[in-house]
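Throughout, numbering of the chain's residues begins at 1 and tracks the sequence.
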Amino acid sequence: MPELHVGERHWSVATGSNLLDALNLAGVAVPYSCRAGSCHACLVRCRGDVVDKQPDALSPAQRQDGWRLACQCEVVADLQVEAFDPLHDGLPAQVVGVDWLSPEVLRLRLQPERGLRYRAGQHLVLWAGQVARPYSLASLPQEDPFLEFHLDCRLPGEFSAIARQLQVGDSLRLGELRGGALQYDPDWQSRPLWLLASGTGLGPLWGVLREALRQDHQGAIRLIHLAHDADGHYLAEPLAQLAALHANLTVELWTAAESAQALAQLRLVSRQTLALLCGHPANVEAFSKRLFLAGLPRNQLLADMFLPRG
């Protein structure tokens with residue numbers, strides 16, 4: 001049986017064991033969220049061979065340095081493991097803004113210790129002590145002097161409980177910057193662009209929308225936000241303000257009660273349409289299915305899911 005070594009500790013595990021499970025079961029607290037290789041919260045440095053189910057999830061430079069996503073690795077031989085240490089490996093950031101956009105959505109603004117190069121639609125792992133959670137960026141690097149995140153606090157969670165208590169001046173650490181599927185391509189200038197979000201999936205699309213407008217997108221832009229009820233449309237006012245300034249932008253606010261009927265009425269105006277989707281997997285799947293039935297080519301749809309923990 002292979003052995004895992006973490007610091008002074010070592011113990012045997014069954015061949016083929018999931019590395020994340022083996023570490024956490026032994027009391028080595030490695031955070032995780034999606035278990036799908038997307039969030040990068042379970043980043044660990046390894047010396048030894050593992051079976052990696054998603055070798056392309058990290059850059060060649062990261063892999064060369066020994067970094068792996070524990071949730072995607074199987075233990076097949078003796079392995080030395082070093083967990084991501086936010087105090088050593090993370091980028092310090094200060095809270096410069098924290099306020100409620102709605103009774104359930106907390107807006108968090110951070111100022112990193114040094115400049116961070118990113119694009120609209122990417123996401124970061126945020127660390128509060130040893131509690132980590134990936135969140136999509138809602139800010140736009142060319143316009144916002146801070147990093148902005150929209151936190152869904154409807155359900156209890158370790159990170160959201162900490163975030164509720166944050167004050168301006170408090171410190172967090174930033175982990176891995178992740179590419180994500182969402183982005184705006186300048187080559188899309190004249191094509192119809194649909195942005196479909198559920199819940200706080202609107203956050204990254206808020207950044208993508210502003211990037212499209214900043215680049216003077218000429219095609220029609222249709223933004224749809226699905227919320228559980230009318231109070232869930234936490235960016236309704238700024239979206240209305242943008243729509244008033246840009247004739248090519250239309251905004252639709254759907255609630256869960258009316259989503260089935262609204263989805264059934266979706267029609268493509270052009271097969272050149274590009275669609276960017278973000279939110280809970282069930283909603284992204286429903287959006288995607290309807291768009292494919294309406295004739296949208298699969299390679300013209302980009303989606304980022306907010307995967308539930310576990």
**Student:** Quick one, Arg45 and Asp65 - any side-chain contact, counting heavy atoms below 4.5 Å?
**Tutor:** yes
**Student:** Regarding Gln215 and His217, is there a side-chain donor-to-acceptor distance under 3.5 Å anywhere?
**Tutor:** no
**Student:** Does Asn24 use its side chain to pair, donor to acceptor, with the backbone of Val30 at less than 3.5 Å?
**Tutor:** yes
**Student:** With distance as the sole test, does His228 use its side chain to make a donor-acceptor pair with the main-chain N or O of Thr255 at under 3.5 Å?
**Tutor:** no
**Student:** Would you give the length of the straight line joining atom NE2 of His123 to atom CZ of Arg133, rounded to the nearest 0.5 angstrom?
**Tutor:** 11.0 Å
**Student:** Stepwise, does the side-chain hydrogen bond (donor to acceptor under 3.5 Å, both in side chains) test hold for Tyr135 with Thr200?
**Tutor:** CA-CA 10 Å; Tyr135 286 101; Thr200 51; over 6 Å; no
**Student:** Does CD belonging to Glu285 count more than 12 external heavy atoms closer than 6.0 Å?
**Tutor:** no
**Student:** So Leu209 and Leu249, side chain to side chain contact (heavy atoms under 4.5 Å, CB included) or not? Walk me through it.
**Tutor:** CA-CA 9 Å; Leu209 169 63; Leu249 171 61; 4.0 Å; yes
**Student:** Report yes or no: do Leu124 and Leu182 belong to one cluster of Ile/Leu/Val/Met/Phe/Trp/Tyr joined by side chain heavy-atom distances under 4.5 Å?
**Tutor:** no
**Student:** Which distance, rounded to the nearest 0.5 Å, do you find between the SG of Cys71 and the CD of Gln54?
**Tutor:** 7.5 Å
**Student:** Please report the shortest heavy-atom distance between Phe159 and Leu151, naming the atom on each side.
**Tutor:** CE2-CD2, 4.1 Å
**Student:** Is it true that a side-chain atom of His10 and a backbone atom of Gln80 form a donor plus acceptor pair closer than 3.5 Å?
**Tutor:** no
**Student:** Give the minimum heavy-atom separation between Leu140 and Tyr118, together with the two atoms involved.
**Tutor:** C-OH, 3.6 Å
**Student:** Any carboxylate oxygen within less than 4.0 angstrom of a Lys/Arg side-chain nitrogen, looking at Glu74 and Lys53?
**Tutor:** yes
**Student:** With side chains defined as the heavy atoms from C-beta onward, is the minimum distance between Arg107 and Leu235 less than 4.5 Å?
**Tutor:** no
**Student:** For Asp185, does the CG atom have more than 12 heavy-atom neighbours from other residues, nucleotides or ligands under 6.0 Å away?
**Tutor:** yes
**Student:** Grouping I, L, V, M, F, W and Y whenever their side-chain heavy atoms are under 4.5 Å apart, do Trp194 and Leu223 come out in a common cluster?
**Tutor:** no
**Student:** Starting from Val208, can I reach Leu253 by hopping between I/L/V/M/F/W/Y residues whose side chains sit under 4.5 Å apart?
**Tutor:** yes
**Student:** If hydrophobic clusters are built by linking Ile, Leu, Val, Met, Phe, Trp and Tyr wherever their side-chain heavy atoms come under 4.5 Å apart, do Leu301 and Val284 end up in the same one?
**Tutor:** yes
**Student:** Quick check: do Thr273 and Leu291 have side-chain heavy atoms less than 4.5 Å from each other?
**Tutor:** no
**Student:** Quick check: does any side chain N or O of Arg191 sit under 3.5 Å from a backbone N or O of Gly219, one acting as donor and the other as acceptor?
**Tutor:** no
**Student:** Find out whether Leu101 and Leu106 are in side-chain contact, i.e. whether some heavy atom of one side chain is under 4.5 Å from a heavy atom of the other.
**Tutor:** no
**Student:** Write down the atom of Leu19, the atom of Cys46, and the distance for their closest heavy-atom approach.
**Tutor:** CD2-SG, 4.0 Å
**Student:** I need the Ser12 OG to Glu3 CD distance, nearest 0.5 Å.
**Tutor:** 4.0 Å
**Student:** Quick one, Leu202 with Leu239, criterion side chain to side chain contact (heavy atoms under 4.5 Å, CB included). Give me CA distance, side-chain angles, the key distance, then yes/no.
**Tutor:** CA-CA 11 Å; Leu202 181 58; Leu239 284 171; 4.2 Å; yes
**Student:** Checking the side chain of Arg210 only, and the main-chain atoms of Glu143 only, is there a donor and an acceptor separated by less than 3.5 Å?
**Tutor:** no
**Student:** Given the rule in the side chain to side chain contact (heavy atoms under 4.5 Å, CB included) test, do Gln94 and Phe146 qualify, once you have shown the distances and angles that lead to the verdict?
**Tutor:** CA-CA 10 Å; Gln94 186 178 67; Phe146 43 73; over 6 Å; no
**Student:** I want to check something: taking the side chain as every heavy atom from C-beta on, are Leu43 and Val125 in contact at a cut-off of under 4.5 Å?
**Tutor:** no
**Student:** Please determine, by modelled atom types, if Ser198 and Asn283 share a side-chain donor-acceptor pair under 3.5 angstrom.
**Tutor:** yes
**Student:** Can you name the side chain to side chain donor-acceptor pair (under 3.5 Å) partners of Trp188, sequence neighbours left out?
**Tutor:** none
**Student:** If you look at every heavy atom in Leu205 and Leu196, which pair is closest and at what distance?
**Tutor:** CD1-O, 3.4 Å
**Student:** Does anything in residues 213-232 pair up under salt bridge (charged side-chain N to carboxylate O under 4.0 Å, His left out), and if so which pairs, sequence neighbours excluded?
**Tutor:** Glu211-Arg214, Arg222-Glu252
**Student:** If you look at every heavy atom in Pro204 and Gly121, which pair is closest and at what distance?
**Tutor:** CB-CA, 4.1 Å
**Student:** Looking only at heavy atoms, which two atoms of Gly203 and Tyr234 are closest? And how far apart?
**Tutor:** N-OH, 3.4 Å
**Student:** Nearest 0.5 angstrom please: Trp206 CH2 to Leu137 CG, how far?
**Tutor:** 15.0 Å
**Student:** Please check: side-chain N/O of Gln300 versus main-chain N/O of Pro297, any donor-acceptor pairing under 3.5 Å?
**Tutor:** no
**Student:** Please walk me through it: do Leu110 and Leu126 pass side chain to side chain contact (heavy atoms under 4.5 Å, CB included)?
**Tutor:** CA-CA 10 Å; Leu110 303 176; Leu126 305 187; 4.1 Å; yes
**Student:** Is there a chain of hydrophobic side chains (I, L, V, M, F, W, Y, each step under 4.5 Å between heavy atoms) that links Leu174 to Leu58?
**Tutor:** no
**Student:** Give a yes or no on whether the backbone of Cys73 and the side-chain of Asp52 come within a donor-acceptor separation of less than 3.5 Å.
**Tutor:** no
**Student:** With distance as the sole test, does Arg109 use its side chain to make a donor-acceptor pair with the main-chain N or O of Phe149 at under 3.5 Å?
**Tutor:** no
**Student:** Closer than 3.5 angstrom, by distance alone: can the side chain of Arg271 be matched with the main-chain N or O of Gly295 as a donor-acceptor pair?
**Tutor:** yes
**Student:** Please confirm whether the backbone N or O of Leu87 pairs with a side-chain atom of Asp85, one donor and one acceptor, at under 3.5 Å?
**Tutor:** yes
**Student:** Rounded to the nearest 0.5 Å, what separation is found between the CG atom of Leu108 and the CG atom of Leu172?
**Tutor:** 6.5 Å
**Student:** With a 4.5 Å heavy-atom cut-off, do Pro112 and Leu147 have their side chains touching?
**Tutor:** yes
**Student:** So do Val98 and Asp170 actually touch side chain to side chain, heavy atoms under 4.5 Å?
**Tutor:** no
**Student:** Nearest 0.5 Å, what's the OH-CG distance between Tyr184 and Leu302?
**Tutor:** 13.0 Å
